[in-house]
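These values consider heavy atoms only, across backbone and side chains, with no hydrogens, waters or symmetry-generated copies. Letters A, B, ... mirror the listed sequences (proteins, then strands); counts begin at 1.
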Amino acid sequence: MSKLKPHTLSGFMELLPARQAQFDRMVEILRQSYSLYGFTPLDTPLIEASEVLLAKGGGETEKQIYRFTKGETDLSLRFDLTVPLAKYVALNYGQLTFPFRRFQIGKVYRGERAQRGRFREFYQADIDVIGDGALDISNEAEIPSIIYQTFTALGLTHFKIRVNNRKVLNGLFDLLGLREQSADVMRTVDKLEKIGREKVIETLTGEFGVSPSAADSLLDTLEAADPITALNAYRGQNELLDAGITELTTVVNYMEAFGVPADHFTVDITIARGLDYYTGTVYETVMTEHPEIGSICSGGRYDNLAEYYTDKQLPGVGISIGLTRLFFVLEDQEMLNGELLTSPADALILPMTDDLAPAITLATALRGAGIRTQIHGEQKKFKQKLSYADKLAIPYALLLGEDEIAAGKVSVKELASGTQSTVAAEEAIALITAGLARRNTGKPIRD
RNA sequence: GUGGGUAUAGCUCAGUUGGUUAGAGCGUCGGAUUGUGGUUCCGAAGGCCGUGGGUUCGAGACCCAUUACCCACCCCA
């Protein structure tokens with residue numbers, strides 16, 4: 001009978017054990033980092049009622065969402081963590097304490113065509129702060145400072161957080177009479193880095209009817225070495241623009257106070273982010289050595305999170321790390337720390353007698369001392385058992401044969417050095433514990 | 001949704017204008033070494049050449065279709 005060929009769907013990432021351990025280590029660091037800033041963990045269902053997820057309607061979301069029916073129920077897989085958050089906050093408004101600070105790390109689904117670094121199922125690691133009625137601007141500076149801390153904790157050093165404010169862009173577009181098309185113009189401007197100044201001017205003059213001289217001076221402002229100074233020249237002409245400049249200036253000042261080093265963030269008034277619900281500060285983070293990868297983390301300020309579910313005004317600010325893409329890029333660039341301890345166990349017990357009781361007793365003692373332990377009780381040749389330890393990068397093999405049992409001892413072999421000594425169980429525990437403490441596990445990313 | 005490319009062993013890939021029995025490296029398994037892995041040496045297993053049709057005396061190579069995957073655009077993490 002012919003077997004079905006096993007395969008994993010395109011755009012779905014599946015990892016081998018050692019890589020999975022590295023991925024999980026990164027998730028663990030994100031949890032610690034987010035917790036450190038006082039965010040509470042949240043988990044919401046992967047599946048929601050379609051009407052909830054599609055409340056906003058129209059656009060890319062509708063095209064990309066995984067939607068299906070089970071019986072009579074119209075269901076969809078979540079495509080981000082923000083919409084579920086909006087539902088959650090609206091639903092539990094009465095029981096939550098504001099400002100509500102939550103983090104959520106989970107898989108989301110987008111039925112778009114997969115490509116390099118582009119997945120259909122991927123992890124997002126989000127943090128958001130939601131205010132009740134109002135939310136102070138200091139939050140807009142704290143969020144990127146968390147991103148700085150988080151990436152630093154992961155071991156990344158060559159990254160830069162770019163900050164902008166939608167009010168600045170919309171104000172500038174207002175001045176050019178582009179209020180109606182601001183979303184499209186914004187997307188064009190956002191591509192500046194990718195398609196170049198000439199193309200942007202071409203689109204602005206061709207598609208949006210901007211005069212060549214106006215387009216030129218807009219680009220001069222956008223590309224100015226010191227954007228804030230360049231923007232200040234426009235002060236007094238547009239209320240929205242003035243508000244944006246003030247906000248942007250405040251955010252930059254606060255970011256410095258939060259301890260984000262000047263070489264890790266920059267004001268870049270060309271970044272816009274596509275999502276149309278951002279209303280103020282927006283961010284994106286790029287790896288400076290690999291600009292071609294694009295943003296690995298982005299987000300911003302929105303004025304009304306849950307407008308489709310409640311009359312309450314719930315402004316917020318948040319950011320999302322595309323974990324799957326980040327991990328893919330790191331692997332691709334060979335930036336994953338190979339030294340990182342990814343073995344599933346610290347010690348492997350190799351029993352060489354038919355009676356496994358002594359091995360089990362020893363394993364219990366080791367585990368009691370916090371040593372991650374496996375027993376290799378299979379009917380395999382001794383060398384195969386050692387090879388198993390080697391393949392799984394288990395640092396210590398504990399040999400337990402007739403001789404050792406008779407002497408009340410165990411032979412401890414450190415695989416890396418090949419050294420071996422026969423000692424009592426308590427001594428073996430001390431030996432292994434000391435050895436493990438010496439191992440420098442380091443950060444997941446080698447940058 | 002639009003455009004381009006690829007499909008040969010578990011993996012990465014060779015395979016000459018179409019010609020007898022389809023190769024390599026890595027991995028796997030066995031042996032050298034019955035209580036010592038990782039290194040080395042020797043050996044073995046493993047392919048309906050994505051699927052269906054066509055051209056031909058003859059197809060892994062050529063043509064058509066189909067499916068899957070990859071790359072790019074759109075959009076985005």
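- Note: CZ (A:Arg187) to P (B:C74) measures 11 Å, nearest angstrom.
- Of the listed nucleotides (B:A77, B:C74, B:C70), B:C70 has the atom at the smallest distance from the side chain of A:Ser10.
- A:Gly418 comes within contact range of at least one nucleobase, with a heavy-atom separation under 4.0 Å.
- Listed by first and then second residue, the salt bridge (charged side-chain N to carboxylate O under 4.0 Å, His left out) pairs that reach into residues 403-412 of chain A come to none, sequence neighbours excluded.
- Between B:G15 and B:A24, the two C1' atoms lie 11 Å apart (nearest whole Å).
- The listed nucleotides are B:C73, B:A77, B:A72; the one nearest the side chain of A:Arg118 is B:A77.
- A donor atom on one side chain and an acceptor atom on the other are found under 3.5 Å apart for A:Thr8 and A:Glu14.
- Shown here are the side chain to side chain donor-acceptor pair (under 3.5 Å) partners of A:Glu414, two or more places apart in sequence or in another chain: A:Ser417.
- A donor and an acceptor atom sit less than 3.5 Å apart, one in the side chain of A:Asp390 and one in the base of B:G37.
- Here the nucleotide nearest the side chain of A:Arg113, chosen from B:C69, B:A77, B:G3, is B:G3.
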| field | Footprint string (nucleotides 29-36 of chain B, 5' to 3'): B base within contact, S backbone only, - free, heavy atoms under 4.0 Å | value | SSS-B-BB

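- Counted within 6.0 Å of CD on A:Glu193, heavy atoms from surrounding residues, nucleotides or ligands total 12 or fewer; the atom is thus considered open.
- Each of B:C75, B:C73, B:G37 was ranked by its minimum atom distance to the side chain of A:Glu112; first place goes to B:C75.
- Comparing the P positions of B:U8 and B:U12 gives an interatomic distance of 9 Å, to the nearest angstrom.
- Put simply, the residue from A:Phe12, A:Phe327, A:Tyr109, A:Phe23 that forms a ring-ring contact (aromatic ring centres under 6.0 Å, His included) with A:Tyr123 is A:Phe23.
- Nearest-nucleotide mapping onto RNA chain B: of A:Ala416 and A:Gln64, the residue sitting toward the 5' end is A:Ala416.
- For A:Leu9, the CG atom counts as densely surrounded, since its 6.0 Å shell holds more than 12 non-hydrogen atoms of other residues, nucleotides or ligands.
- Using a 4.0 Å heavy-atom cutoff across all strands shown, A:Tyr123 reaches no nucleic acid atom at all.
- Of the two residues contacting RNA chain B, namely A:Gly322 and A:His7, the nearest-nucleotide position lying further toward the 5' end is that of A:His7.
- The existence of a salt bridge linking A:Glu60 and A:Lys63 is confirmed by a sub-4.0 Å separation between a basic side-chain nitrogen and an acidic carboxylate oxygen.
- At a cut-off of 3.5 angstrom, the base of B:A72 holds no donor-acceptor pair with the side chain of A:Arg116.
- We find that the ring of A:Phe122 and the base of B:A77 stack, their centres lying under 5.5 angstrom apart and their planes tilted less than 30°.
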